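Beneath this line is the structure, given in structure tokens, with notes to follow.
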Amino acid sequence: MRNSVNVRALDPFYPIVDSAAWVARLVGVGARLIQLRIKDADGPTFARETRVALAHCRKAGATLVVNDDWRAAIDEGAEWVHLGQADLAAADLAAIRRKGLRLGVSTSDEAELERGLAVDPDYVAYGPVFPTISKDQAAAALGLEGLTRWKRRVGPLPLCAIGGIDLDRAKRCLAAGADIVAVISDITLDADPEGRARQWIAAIRPA
Ligand code: TZP
Ligand code: MG
């Protein structure tokens with residue numbers, strides 16, 4: 001039996017970015033949990049970005065979650081990987097576990113939730129909660145109510161809300177049952193991303 005992740009060990013502010021440079025900027029203002037989500041890089045670029053992002057996170061004491069490419073995550077010595085449903089079906093979960101990696105999974109409906117729970121994840125993501133501009137072929141917005149249902153189902157397992165979430169919506173997601181809130185555009189498209197990240201941290205990180 002693996003040790004489970006304490007909900008309080010994961011920072012509620014969970015920015016998702018697509019380069020090591022972004023990781024450096026956000027750990028620089030205090031992000032402690034950050035996902036590297038690179039969609040169209042070749043293998044060497046993905047590996048290099050992952051390596052540099054990991055170095056930034058280690059220096060800052062932050063946790064990096066590598067999206068999609070669990071092989072690169074293992075090869076570069078990451079501690080966390082995030083997989084969508086298609087990646088999950090194709091992944092060598094035994095290899096991921098053998099290396100001691102923590103695993104987050106995406107879910108957008110109840111069948112996906114059950115498939116996700118079956119792999120004994122370390123957190124479950126639910127979304128898109130609201131319409132999103134940041135994901136190709138995203139499922140329709142699911143709404144806040146599902147977060148409460150998901151939380152009832154996952155119990156102490158950390159629940160991550162994702163999709164179309166700004167700071168005001170983040171607070172509503174946390175009130176509805178989410179433990180952590182993932183965000184792309186509300187941070188990266190802000191005129192002052194560092195300032196916006198500081199606002200998120202001040203508003204949702206427990207004292
Ligand atoms: N998965 C579900 S919604 C989404 C992902 C990766 C995109 C989230 O980005 P944004 O800009 O915070 O809506
Ligand atoms: Mg994926």
Side-chain angles (χ1 to χ4, degrees), residues 11-19 22-23 25-26 31 33-41 43 46-47 49-50 53 64-74 78 80-93 96 101-113 115-116 119 121-144 146-147 150 158-174 176 178-193 196-197 199-201 203-204:
D11 197 71
F13 174 53
Y14 184 19
I16 300 178
V17 294
D18 62 1
S19 70
W22 268 113
V23 170
R25 288 176 69 175
L26 294 182
L33 174 68
I34 187 157
Q35 184 183 120
L36 184 61
R37 177 176 181 268
I38 304 177
K39 284 296 173 185
D40 40 25
F46 193 101
E49 288 292 305
T50 301
L64 187 78
V65 181
V66 177
N67 194 10
D68 290 336
D69 192 339
W70 56 272
R71 282 192 192 82
I74 289 175
W80 278 85
V81 63
H82 180 97
L83 298 178
Q85 292 279 323
D87 308 309
L88 199 56
D92 183 345
L93 290 165
I96 291 170
L101 263 79
R102 296 285 186 183
L103 172 64
V105 299
S106 301
T107 69
S108 328
D109 61 35
E110 269 146 38
E112 291 186 356
L113 174 58
R115 275 201 291 279
V119 304
D122 296 286
Y123 72 74
V124 166
Y126 163 93
V129 184
F130 301 99
T132 178
I133 56 168
S134 307
K135 183 180 169 76
D136 292 341
Q137 290 160 1
L142 300 171
L144 284 166
L147 274 174
W150 255 237
L159 176 61
C160 172
I162 185 167
I165 303 176
D166 61 16
L167 186 42
D168 175 59
R169 286 171 166 176
K171 294 177 199 160
R172 289 159 59 203
C173 289
L174 293 168
D179 301 294
I180 63 181
V181 182
V183 51
I184 301 178
S185 54
D186 192 61
I187 300 293
T188 58
L189 298 185
D190 195 279
D192 173 14
R196 188 64 174 157
Q199 286 178 356
W200 272 71
I201 291 168
I204 69 170

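Indexing begins at 1, ligand by ligand and atom by atom, following the structure's order. If you're wondering where the values come from, they're calculated on a predicted model, not measured in any experiment. Reckoned from all heavy atoms, side chains included, excluding hydrogens, waters and symmetry mates.
More than 12 heavy-atom neighbours from other residues, nucleotides or ligands sit within 6.0 angstrom of CG on Asp192. For Arg71, the CZ atom counts as loosely surrounded, since its 6.0 Å shell holds 12 or fewer non-hydrogen atoms of other residues, nucleotides or ligands.
Once rounded to the nearest 0.5 Å, the distance linking CG of Leu189 with CD1 of Ile133 reads 5.0 Å.
Taking a cut-off of under 4.0 Å to the non-hydrogen atoms of Arg37, the atoms of ligand 1 that pass are 6 (C). Distances below 4.0 Å separate heavy atoms of Ser185 from the following atoms of ligand 1: 10 (P), 11 (O), 12 (O).
Between Trp200 and Phe13, the ring planes are tilted. Angles from 30° to 60° get that label.
Remark: minimum distance from atom 2 (C) of ligand 1 to any protein heavy atom is reached at Lys135 CD, 3.5 Å.
When the heavy atoms of Ile184, Leu142, Asp136, Ile162 are ranked by distance to atom 5 (C) of ligand 1, first place goes to Ile162. If you check each of Gly163, Ala141, Ala161 against atom 3 (S) of ligand 1, the one with the closest non-hydrogen atom is Gly163. Relative to atom 10 (P) of ligand 1, the option among Gly84, Ser134, Ala170, Ala139 with the closest non-hydrogen atom is Ser134.
Contact between Gly164 and ligand 1 is present, with at least one heavy atom of the residue lying under 4.0 Å from the ligand. Ligand 1 is approached by Val183 to a heavy-atom distance shorter than 4.0 Å.
Looking at Asp68, its N, O or S atom nearest to the Mg ion (ligand 2) turns out to be OD1. Nearest to the Mg ion (ligand 2), among the N, O or S atoms that Asp87 has, is OD2.
A side-chain donor-acceptor contact under 3.5 Å links Ser108 to the backbone of Gly127. Looking only at distances, a side-chain donor or acceptor of Thr50 sits under 3.5 Å from a matching main-chain atom of Phe46. No donor-acceptor distance shorter than 3.5 angstrom exists from the side chain of Asn67 to the backbone of Leu36, with no hydrogens or angles considered.
Each of Ile165, Ile162, Leu142 was evaluated against Phe130; a single residue qualifies, Ile165, per the side-chain contact (heavy atoms from CB on, under 4.5 Å) test.
Note: an N/O pair closer than 3.5 Å links Thr132 and ligand 1 by distance alone.
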